[in-house]
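Keep in mind that what you see is a predicted model, and the values were worked out from it rather than measured. Numbers restart at 1 for each chain; the letters A, B, ... are given by sequence-line order, proteins then strands.
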There are 2 protein chains.
Amino acid sequence: MSRGSPFKHAKADDSAGFLLWKITTLWQRKLAEVLSEFGITQTQFALLASLRWFEEQQQPTSQTHLVDHTKIDKMTVSKSLRQLEAAGLVVREPSDLDSRATRIRFSARGKKLIQKAIVAIENADAAFFSCLNKKQLTVYKSLAVLIIGHNQG
Amino acid sequence: MSRGSPFKHAKADDSAGFLLWKITTLWQRKLAEVLSEFGITQTQFALLASLRWFEEQQQPTSQTHLVDHTKIDKMTVSKSLRQLEAAGLVVREPSDLDSRATRIRFSARGKKLIQKAIVAIENADAAFFSCLNKKQLTVYKSLAVLIIGHNQG
DNA sequence: GTCATATAGTAAACTGGTTTACTATATCGC
DNA sequence: GCGATATAGTAAACCAGTTTACTATATGAC
């Protein structure tokens, strides 16, 4: 934690974790703002994006698949998918492979929405990091990959 | 968002925002784990750390000061401070400068706890970023500062 | 002084998400 | 097959934090 003003201005002598916290706050805010246009939360976005990935692989998708893939806890996944169903963005139906499981699919509306949402997020992303030039962005991302590798599992 | 597996492995061709989201998740998890030993949330930690900063400046601190400083919304600040008061970590008393305002101070226990918590967080921070050497860390932080500067206000 | 406006803080209702404890089905060892 | 164990999903209670709408005090214009 900075020995100077810990919250007002980002400084290079702030700890990495503190800078991370600030970036995150700003990024989350932007994310929430973009997603609110689509009427979905970050969690729901992650689930839909994950679902899209499974559908691209042509894999029938259960809630458990989404849990494993997104690392979102299963109760949250259960509730969020019911909300998404209520919003008409996904369809839930009993799996024919495993009668305990629920198969999740996009509705037509849901598929369209996630396409658009992903584009919007990509744009927001580009804008957020637009102060870095190509080289800096590459460096930033490679360091990020290092940190992630170091801290997961 | 990656065109490959979007959630399993961090890759340098993932978008910066997606990598940020992953790092953040990992960092928040670690943070929550460390803070749970002290029985406080991240929000409460931020408030206590901010309060410590004000007390170091020898400034009498109101809830509004904490709101401005931490950018946490005022209702959350109000509730969190009441919890912290109930936990015996801070003292709330009417301000003598402004009779609408509440002055916030550490209890002895609160002061001790935040010292220790800050050390614990600093250690967690060092461990989290320990895969970067000194130079890399400096680069990472300077890019972070750029990004923050670009995106706030 | 007094009226209009701004500020400090909060109650109540709500939201998103987690924890705990459970049901129902599947699978594995025998 | 059949009993033990694991897995898919959920209901209910709970928790942290936000939104909305409000009270009370302070401040500024006149």
Side-chain angles (χ1 to χ4, degrees), chain A residues 21 24-25 28-29 31-33 35-36 38-48 50-51 54 59-87 89-105, chain B residues 21 24-25 28-29 31-33 35-36 38-48 50-51 54 59-87 89-105:
Chain A
W21 182 70
T24 296
T25 305
Q28 307 259 38
R29 203 170 295 165
L31 215 55
E33 188 188 303
L35 292 179
S36 75
F38 296 92
I40 58 177
T41 65
Q42 294 179 38
T43 302
Q44 293 171 342
F45 175 77
L47 287 170
L48 294 177
S50 177
L51 178 57
F54 278 108
Q59 279 185 43
T61 312
S62 70
Q63 293 192 183
T64 301
H65 285 127
L66 294 173
V67 168
D68 294 344
H69 204 219
T70 61
K71 308 276 189 266
I72 296 170
D73 104 346
K74 66 178 182 170
M75 191 66 222
T76 302
V77 168
S78 170
K79 279 196 179 179
S80 298
L81 287 172
R82 278 157 179 269
Q83 280 174 256
L84 289 170
E85 184 187 37
L89 301 178
V90 304
V91 177
R92 299 169 66 254
E93 59 197 5
S95 164
D96 40 357
L97 301 169
D98 182 335
S99 60
R100 296 167 303 177
T102 308
R103 176 167 181 191
I104 309 296
R105 282 197 270 168
Chain B
W21 181 68
T24 297
T25 304
Q28 306 259 36
R29 204 171 291 165
L31 213 57
E33 189 189 302
L35 292 179
S36 76
F38 297 92
I40 57 177
T41 65
Q42 294 180 37
T43 303
Q44 291 171 344
F45 176 78
L47 286 170
L48 293 177
S50 177
L51 178 58
F54 279 110
Q59 280 186 41
T61 312
S62 70
Q63 294 192 181
T64 300
H65 285 127
L66 294 172
V67 168
D68 293 345
H69 205 218
T70 61
K71 307 278 188 265
I72 297 170
D73 104 346
K74 66 179 181 170
M75 192 65 223
T76 302
V77 168
S78 170
K79 278 196 180 178
S80 299
L81 287 172
R82 276 155 181 272
Q83 281 174 254
L84 290 170
E85 183 187 38
L89 300 178
V90 305
V91 178
R92 300 169 65 255
E93 59 195 5
S95 163
D96 40 357
L97 300 169
D98 183 334
S99 59
R100 295 166 305 177
T102 307
R103 176 167 181 186
I104 309 296
R105 281 196 270 171

Rounded to the Å, how far apart are [X] [atom1] and [N] [atom2]?
X: I104(A); N: dA8(D); atom1: CD1; atom2: P; value: 13 Å
X: D73(B); N: dA21(D); atom1: CG; atom2: P; value: 16 Å
X: R103(A); N: dG9(D); atom1: CZ; atom2: P; value: 13 Å
X: R92(A); N: dT10(D); atom1: CZ; atom2: C1'; value: 10 Å
X: E93(B); N: dG9(C); atom1: CD; atom2: P; value: 13 Å
X: I40(B); N: dC15(D); atom1: CD1; atom2: P; value: 18 Å
X: D98(B); N: dT27(D); atom1: CG; atom2: P; value: 6 Å
X: I72(A); N: dA8(D); atom1: CD1; atom2: P; value: 16 Å

Pairing residues for [X] by the side-chain hydrogen bond (donor to acceptor under 3.5 Å, both in side chains) criterion, not counting sequence neighbours:
X: S62(A); result: H65(A)
X: S95(A); result: none
X: Q83(B); result: none

Does [X] have a side-chain nitrogen or oxygen under 4.0 Å from the phosphate oxygens OP1 or OP2 of [N]?
X: T64(B); N: dT7(C); answer: no
X: S99(A); N: dT25(C); answer: no
X: Q44(B); N: dA16(D); answer: no

If you restrict it to nitrogen or oxygen atoms, what contacts under 3.5 Å exist between nucleotides 11-16 of chain C and the protein, and what is each distance?
{"from": "dA13(C)", "atom 1": "N6", "to": "K79(B)", "atom 2": "NZ", "distance (Å)": "3.4"}

Partners of [X] by salt bridge (charged side-chain N to carboxylate O under 4.0 Å, His left out), sequence neighbours excluded?
X: E93(A); result: R105(A)
X: D73(A); result: none
X: R29(B); result: none

Quiz item: For F38(A), what residues pass the ring-ring contact (aromatic ring centres under 6.0 Å, His included) criterion, not counting sequence neighbours?
Solution: none

Practice problem: May I ask you to test the L47(A)-I104(A) pair for a side-chain heavy-atom distance under 4.5 Å? | Solution: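 No, their side chains stay 4.5 Å or more apart.
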
Quiz item: Dot-bracket, DNA chain C: Watson-Crick or G-U, under 3.5 angstrom, [ ] crossing, | other strand?
Solution: ||||||||||||||||||||||||||||||

Between the protein and nucleotides 1-5 of chain D, list every N/O to N/O distance that falls short of 3.5 Å.
none

Quiz prompt | Test item: T25(A) side-chain N/O and W21(A) main-chain N/O as donor-acceptor pair under 3.5 Å | solution = yes

Quiz item: Which residue lies toward the 5' end of DNA chain D, A101(A) or Q42(B), if each is placed at its nearest nucleotide?
Solution: A101(A)

Exercise. Just jot down the side chain to side chain contact (heavy atoms under 4.5 Å, CB included) partners of E85(B), sequence neighbours excluded, or say none.
Key: V90(B), R92(B)

Practice problem: From the options dT25(C), dT10(C), dG17(D), select the nucleotide whose nearest atom is closest to the side chain of Q63(B). | Solution: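 So the nucleotide nearest the side chain must be dT10(C).
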
Self-check item: Separation of L51(A) CG from Q44(A) CD (nearest 0.5 Å)
Solution: 13.0 Å

Self-check item: Pairs flagged by salt bridge (charged side-chain N to carboxylate O under 4.0 Å, His left out) wherever residues 74-84 of chain A is involved - sequence neighbours left out
Solution: none

